[in-house]
Amino acid sequence: MIYLVYPLMIAVLLWGSRPHGKGRWNEEAFSLRQMKALQGFFALCIMLHHVGQKTCANWLSPQLIIPGLELFVPFGYYFVGFFLFCSGYGLYKSLCVKQNYLQGFGKKRILPIIIAYYDTGLIFLVARFLMKEPLDGRKVFFYATGLKLSNPNAWFVVVLPFFYLAFWLAFRFCKKESHAIWGIFLFTLAYQLLGTSTDHNDFWICGEWWYNSIHFFPIGILFCKHEKGILQHLKKHYLLYASLTLLLIFVLYGFGYYGETWGAPDKILRRQICLLSQILASGAFVFFVLLLSMKVRFGNRFLAFMGGMTLEFYLIHGLFLELFSYNFAGVAPSIYRITNVPLLLLVVFLPSLLAATSLKKFHGFIAAKINS
């Protein structure tokens, strides 16, 4: 039954879509409506990625492995990369079309992310108490302040405010737009180099997933700046680029985690080479999605609904997965281990949908209070 997920996901993506034939193009390819629809779809893919990590990842003990979602396990950073591309693209687009966009930027764009990080982190902290994780004052302090992730999936929401702040600083204080964009690229490079030089730990930048997709943020900005010229070029060579990217998605997939399967003596060099391969592979994936968007208008009511609360869904779905998988965040036994993967998906998805909807309304209420 679990293998029905694959055709079901295709149906969810294609329901209500409209393909464009030879010589015709989807003029709404990069509209807010289509971008949100695709983000809603990739939010579901990220949920499947996390469920796969808890059921069939190759690092699990053999007695814990339940096959079915293997395809989603290695490609989580592909999906996150699309979100980061949209973030960079959307910020620059708004900067170009909205007057005084940088005024109140922190309150409008950064603060809501921070609020979502802390309120969902508090929910996870309460769950950790209820699950009887051994907690002392030091651990509670680190969880409550966010210096240590109470929510194991919240790394994305830690990283994003720093890049939003870099965007604001660059476009606020650089006299030339090109300097601002280069400044963001340099910030991204510095962040990735810091990531590759940082060993595993229990705090921030605790693994390659913290930095192996963040390059899409400045790429989204650059794409938006040169969108007209890029699209003209892509339309002339569409079939070539579509074929190459589809092939390279799989051919370029890395050297394994941190390149540990090959013998370079320098672990930082291994990480950097592995990062380069992941940049190329995920770049091919995001590029292919953009090319597909140029020929197909995606969107339906369900994807529009999901696209409106991707942040909340991303942050909360892991709670229900941890409660009903083989353990809770690696520190305590789960309430009950569900070994039927289709049932586990339902137990994760349906409560997450309700919880994300409630969180979205709560965040909207808080935002209205702040803005007033």
Side-chain angles (χ1 to χ4, degrees), residues 3-49 69 71-72 74-90 92-93 97 213 216 219-220 222-253 280-310 313 349 353:
Y3 292 103
L4 292 177
V5 165
Y6 297 97
L8 181 61
M9 287 294 289
I10 294 172
V12 167
L13 178 63
L14 296 183
W15 171 41
S17 65
R18 181 183 299 176
H20 291 68
K22 185 177 180 180
R24 299 174 58 216
W25 306 97
N26 175 23
E27 301 302 331
E28 299 179 34
F30 304 103
S31 66
L32 180 62
R33 184 200 65 81
Q34 174 137 325
M35 287 286 198
K36 284 294 184 182
L38 288 171
Q39 287 180 61
F41 176 76
F42 286 125
L44 295 173
C45 290
I46 290 171
M47 178 193 71
L48 292 169
H49 165 69
L69 296 177
L71 183 62
F72 290 97
F75 299 121
Y77 71 100
Y78 283 29
F79 309 138
V80 175
F82 183 79
F83 281 91
L84 289 161
F85 176 89
C86 291
S87 293
Y89 181 94
Y92 184 80
K93 178 70 77 173
V97 301
S213 57
F216 285 108
I219 288 174
L222 196 64
F223 184 94
C224 187
K225 178 176 174 60
H226 300 287
E227 180 176 353
K228 186 176 179 180
I230 291 172
L231 292 183
Q232 287 178 347
H233 176 76
L234 293 178
K235 288 176 181 179
K236 291 180 181 178
H237 309 283
Y238 183 85
L239 187 58
L240 173 63
Y241 282 117
S243 302
L244 281 175
T245 51
L246 186 59
L247 175 65
L248 292 176
I249 287 169
F250 300 98
V251 171
L252 291 173
Y253 179 69
L280 295 173
S282 58
F285 174 79
V286 173
F287 195 21
F288 179 75
V289 172
L290 300 178
L291 287 167
L292 194 61
S293 297
M294 292 171 61
K295 296 296 288 185
V296 183
R297 191 186 74 177
F298 295 105
N300 53 60
R301 290 183 179 181
F302 176 67
L303 289 181
F305 175 68
M306 289 297 303
M309 57 176 188
T310 52
F313 186 84
F349 174 67
L353 211 59

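Model, not experiment: these values are computed from the prediction. The analysis underlying the following values was restricted to heavy atoms, covering all of them including side chains, and did not include hydrogens, waters or symmetry mates.
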Inset, instruction - Using the side-chain contact (heavy atoms from CB on, under 4.5 Å) rule, take Arg33 and Arg297 through it: C-alpha gap first, then chi angles, then the decisive distance, then the call. - result: CA-CA 10 Å; Arg33 184 200 65 81; Arg297 191 186 74 177; 3.0 Å; yes

Inset, instruction - I would like to know whether Phe72 and Tyr6 meet ring-ring contact (aromatic ring centres under 6.0 Å, His included); could you show each step before the answer? - result: CA-CA 10 Å; Phe72 290 97; Tyr6 297 97; 5.5 Å; yes

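Looking at Tyr78, Phe75, Phe285 one by one, the single match for ring pair (Phe, Tyr, Trp, His ring centres under 6.0 Å) with Phe42 turns out to be Phe285.
Not counting sequence neighbours, Arg18 has no partner by the salt bridge (charged side-chain N to carboxylate O under 4.0 Å, His left out) test. For Leu290, the side-chain contact (heavy atoms from CB on, under 4.5 Å) partners two or more places apart in sequence, or in a different chain, are Phe30, Phe82, Phe85, Phe223, Val286. With sequence neighbours left out, the salt bridge (charged side-chain N to carboxylate O under 4.0 Å, His left out) criterion links Lys225 to Glu177. Not counting sequence neighbours, the partners of Ser293 by the side-chain contact (heavy atoms from CB on, under 4.5 Å) test are Ala29, Gln34, Leu38, Val289, Phe298. For Asn300, the side-chain contact (heavy atoms from CB on, under 4.5 Å) partners two or more places apart in sequence, or in a different chain, are Trp15, Phe302, Leu303.
Here the CZ atom belonging to Phe41 is positioned 4.0 Å from the CE atom belonging to Met9, to the nearest 0.5 angstrom. The structure places CZ of Phe288 at 6.0 Å from OG1 of Thr245, a figure rounded to the nearest 0.5 Å. Within the model, atoms CG of Leu44 and CZ of Phe79 stand 10.5 Å from one another, a figure rounded to the nearest 0.5 Å. Interatomic distance, Ile219 CD1 to Ser282 OG, rounded to the nearest 0.5 Å: 7.5 Å. For the atom pair Met306 CE and Met309 CE, the distance stands at 5.0 Å (nearest 0.5 Å). Atom CD1 of Ile46 sits about 4.5 Å away from atom CZ of Phe83, to the nearest 0.5 Å.
Checked by atom type and distance alone, the side chain of Lys295 pairs as donor or acceptor with a backbone atom of Arg24 at under 3.5 Å.
Using a 4.5 Å heavy-atom cutoff, the side chains of Trp25 and His20 are not in contact.
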All N/O donor-acceptor pairs, side-chain side in residues 228-240, below 3.5 Å, sequence neighbours left out:
{"residue": "His233", "atom": "NE2", "partner": "Tyr241", "partner atom": "OH", "Å": "2.6"}
{"residue": "Tyr238", "atom": "OH", "partner": "Leu291", "partner atom": "O", "Å": "2.6"}

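Of all non-hydrogen atoms in Val296 and Ser17, the two that sit nearest each other are CG1-CB, 3.9 Å. In this structure, Cys86 and Met35 approach most closely via the heavy-atom pair SG-SD, 3.5 Å. Nearest heavy-atom pair, Ser213 versus Leu84, reported as atom, atom and distance to 0.1 Å: O-CD1, 3.2 Å.
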